[in-house]
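Because the structure is a prediction, the values reported are computed rather than measured. Naming convention: chains lettered A, B, ... in sequence-line order (proteins, then strands); numbering from 1 in each chain.
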Amino acid sequence: MLVTDFLQMIKNRSEPSWLKQRRLDTFTKFSQLKMPDSKEEEWRYIDISQVNLDNVKIDGYTDISIDFGNDVIVLLMKEALNKFSDMINEHAFSLFTDADKFVSFVSSFWNNGVFVYVPKNVQAELPVTVKINNTNNPVYSLVVLDENSKLNFVEENVADKINPIVSDKINPIVSTSVTEIFVKENSKLNFFCSQILPENLYSFYYKRASVERGAEINWFLGSFGAKLSRWKVETFLKGENAKCQKYGIYAGNKNQHHDIITKTFHLVPHTSNNILVKGVLTGRASSVYRGLIRIEKNAQQTLSYMGAHTLLLSNKAKSNNIPSLEIEANDVRATHGSSVGQLEEEKLFYLMSRGLDRKLAENIIVEGFLETVLNKFTSDEVREKFRAITNERLLNA
Amino acid sequence: MELEIKDLHVSIEGKKILNGISLKIKEGELHALMGPNGSGKSTLAYVLMGHPKYKIDSGEIIFHGENIINLTPDKRAKLGLFLGFQYPTEVPGVTFKNFLWTAYKTLNNGASYVDFNEILDEKLELLEIDKSFVLRYLNEGFSGGEKKRSEILQLAVLNPKIAVLDETDSGLDVDSLKIVANGIKKLNENGMGILLITHYQRILNYILPDFVHVMTDGKIVKSGGHDLAKEIEEKGYEGIKDG
């Protein structure tokens with residue numbers, strides 16, 4: 001986007017002055033930053049040669065539908081800016097002081113998103129359900145759980161307005177979003193998020209959560225669509241007895257690439273983290289999972305686990321799981337496990353000996369493989385949905 | 001209904017393992033196949049069920065009047081054949097019950113879930129297995145004894161015409177052995193033909209086989225009645241082979 005277009009965009013919007021100023025600041029940064037290249041570790045196995053954020057065309061507002069109970073505050077971001085300007089100003093991009101090209105793109109150009117505020121002591125009974133209709137327009141969402149509150153948040157990413165057939169190699173649709181989450185003392189957030197985009201889109205989702213004393217965040221992630229899908233999900237355990245669990249599945253077919261990064265930062269003593277990510281790939285699909293657990297020197301008595309496993313259903317599918325631990329403290333327990341494997345003939349033979357034909361036997365093994373992640377899901381509805389999507393993508397492929 | 005093995009020669013990666021096995025098992029008959037380790041007993045079990053890694057060099061396996069050597073394992077199961085595994089594999093994420101129901105409805109067209117549950121409950125009782133067992137993931141984290149009970153429970157529910165049980169007695173304590181043996185006996189009395197493969201004579205204290213066969217080096221070297229099992233216990237396999 002040209003500077004003149006950008007200035008015109010800012011001028012046309014009735015936004016608080018702090019936001020206009022901030023957009024100008026980040027736009028300067030964004031313009032100076034180069035697109036990441038494959039020399040950078042996090043971008044080594046991901047082909048973004050077709051993506052050029054400097055040329056992405058942006059117009060209008062992202063279409064988002066929301067559904068929620070009346071005990072919480074949920075607004076479209078463009079509306080929340082009027083009513084909750086101060087709170088947004090205080091939190092927005094405060095967890096992303098190290099913004100890269102993609103994050104600064106979102107912070108310069110974001111047009112819509114979801115604003116969620118759960119007041120103190122409110123234990124929301126109904127989930128907040130959000131459906132984001134992805135386009136080129138970057139999306140920024142902010143979720144704040146005040147002390148002693150509770151929320152189930154369900155975010156679904158689709159792109160109903162994009163023609164799934166049309167492929168534009170020169171200017172592909174690039175879907176970007178940043179979500180910032182603040183879970184304050186003794187609060188609990190279950191965050192469900194799925195990406196079901198058509199396969200001619202590129203998607204880059206950045207999510208960061210700050211978790212305070214006695215608070216808990218549980219991530220339940222499903223990565224299914226897009227040509228190339230990058231998730232970067234990071235959790236900062238900032239207060240004692242803060243907890244984090246990340247459960248994720250992905251299912252790739254054709255030429256898809258699923259790229260998932262999770263990072264958990266244990267910043268204080270007595271925090272815990274449990275990660276289990278599993279994926280199934282068929283066709284020529286590929287995946288990379290990078291997981292980091294970092295335990296700071298004073299973060300003693302920490303418990304942290306990370307597991308990443310991939311099942312390959314074809315000889316052309318490829319996967320790389322790269323877990324890493326950075327531990328500065330000495331009284332902690334941090335472990336990881338990872339694997340990439342194919343269907344085992346002995347398992348198939350066993351199931352077939354009971355009358356199941358090969359296809360059914362394969363399906364059962366695949367379902368079982370993912371079930372050990374899905375059975376951690378606290379929502380039956382989301383679990384069923386993820387199961388159905390997986391079946392459709394893999395088993396009928 | 002009978003299973004007839006005719007002069008079966010089998011090899012794996014060019015190495016001959018079975019050297020002309022012939023055996024006929026009718027419904028309601030109980031055959032014990034005994035022999036030292038490495039004699040080819042488990043290979044025979046796998047080959048009967050259709051494991052893809054073995055090559056049948058010559059011979060036939062006749063079941064339902066047709067040669068089944070080119071049928072996949074699921075087709076053999078549908079004809080009424082069953083293999084009780086010596087080392088059942090673990091299938092994480094799939095509960096025993098869901099799996100068995102899938103198998104049951106595959107083998108029984110138009111099966112009802114209500115009937116299935118009734119049969120399952122009945123067999124759990126017969127084999128003295130706790131109901132919670134069926135909600136666990138298939139064989140995952142099962143002890144040796146639990147795996148064998150899982151196999152016999154599947155056998156009892158799926159109720160095949162002919163069952164090949166590969167060392168179902170190994171790894172069981174005395175109490176479990178009695179229960180499993182009793183279960184096999186009941187199924188046999190109800191008409192199931194059974195080929196009981198065993199290394200030890202121990203289980204035969206609880207079930208009296210109609211026939212005993214001794215296998216060494218991929219061949220059946222001697223067949224007889226249940227007395228033969230006693231003879232093996234006294235003389236050992238070498239004694240049988242020489243005599």
- Item | Heavy-atom proximity to chain B below 4.5 Å, by part of A/Asp357 |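 Contact with chain B involves both backbone and side-chain atoms of A/Asp357.
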- Query: Is it the backbone or the side chain of A/Leu360 that comes under 4.5 Å from a heavy atom of chain B, or both, or neither?
  - Reply: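 Contact with chain B is through the side chain of A/Leu360 alone.
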Heavy-atom proximity to chain A below 4.5 Å, by part of [X]:
| X | result |
| --- | --- |
| B/Asn139 | side chain |
| B/Leu79 | neither |
| B/Tyr104 | neither |
| B/Glu90 | backbone |
| B/Pro88 | both |

Polar contact flag, side-chain donor to acceptor under 3.5 angstrom, [X]-[Y]:
| X | Y | answer |
| --- | --- | --- |
| B/Ser170 | B/Lys148 | yes |
| A/Asn255 | A/Glu199 | no |
| A/Asn273 | A/Thr264 | yes |

- Item | When B/Leu100, B/Thr102, B/Leu158 are compared by non-hydrogen pairs under 4.5 Å with chain A, the top option |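 Top option by heavy-atom pairs under 4.5 Å: B/Thr102.
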- Item | Among B/Tyr137, B/Phe82, B/Tyr46, residue most engaged with chain A (heavy-atom pairs, under 4.5 Å) |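 Looking at each of B/Tyr137, B/Phe82, B/Tyr46 in turn, B/Phe82 comes out on top.
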- Message: Does the structure place the NZ or CZ of A/Lys278 under 6.0 Å from the centre of the six-membered ring of A/Phe369, at an angle of no more than 45° from the ring's axis?
- Response: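 Cation-pi check for A/Lys278 and A/Phe369: passes.
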- Any sub-3.5 Å donor-acceptor pair from A/Gln256's side-chain atoms to A/Asn253's backbone N or O?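 Yes, A/Gln256 side chain to A/Asn253 backbone: donor-acceptor pair under 3.5 Å.
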- Begin with the C-alpha distance, continue with both residues' side-chain angles, and end with the deciding distance and a verdict on salt bridge (Lys or Arg N to Asp or Glu O under 4.0 Å) for A/Glu392 and A/Lys385. CA-CA 11 Å; A/Glu392 191 191 312; A/Lys385 186 154 197 174; over 6 Å; no
- Message: Quick check for you: among A/Met352, A/Glu344, A/Glu346, A/Arg354, which has the greatest number of heavy-atom pairs under 4.5 Å with chain B?
- Response: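 Highest number of heavy-atom pairs under 4.5 Å: A/Arg354.
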- Residue among A/Thr372, A/Leu356, A/Ile365 with most heavy-atom pairs under 4.5 Å to chain B: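 Top count of heavy-atom pairs under 4.5 Å with chain B: A/Leu356.
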- Salt bridge between B/Asp121 and B/Lys131, side-chain N to carboxylate O under 4.0 Å?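 Yes.
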- Item | Student check: side-chain heavy atoms of B/Val10 and B/Lys55 closer than 4.5 Å |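 No; the side chains remain at least 4.5 Å from each other.
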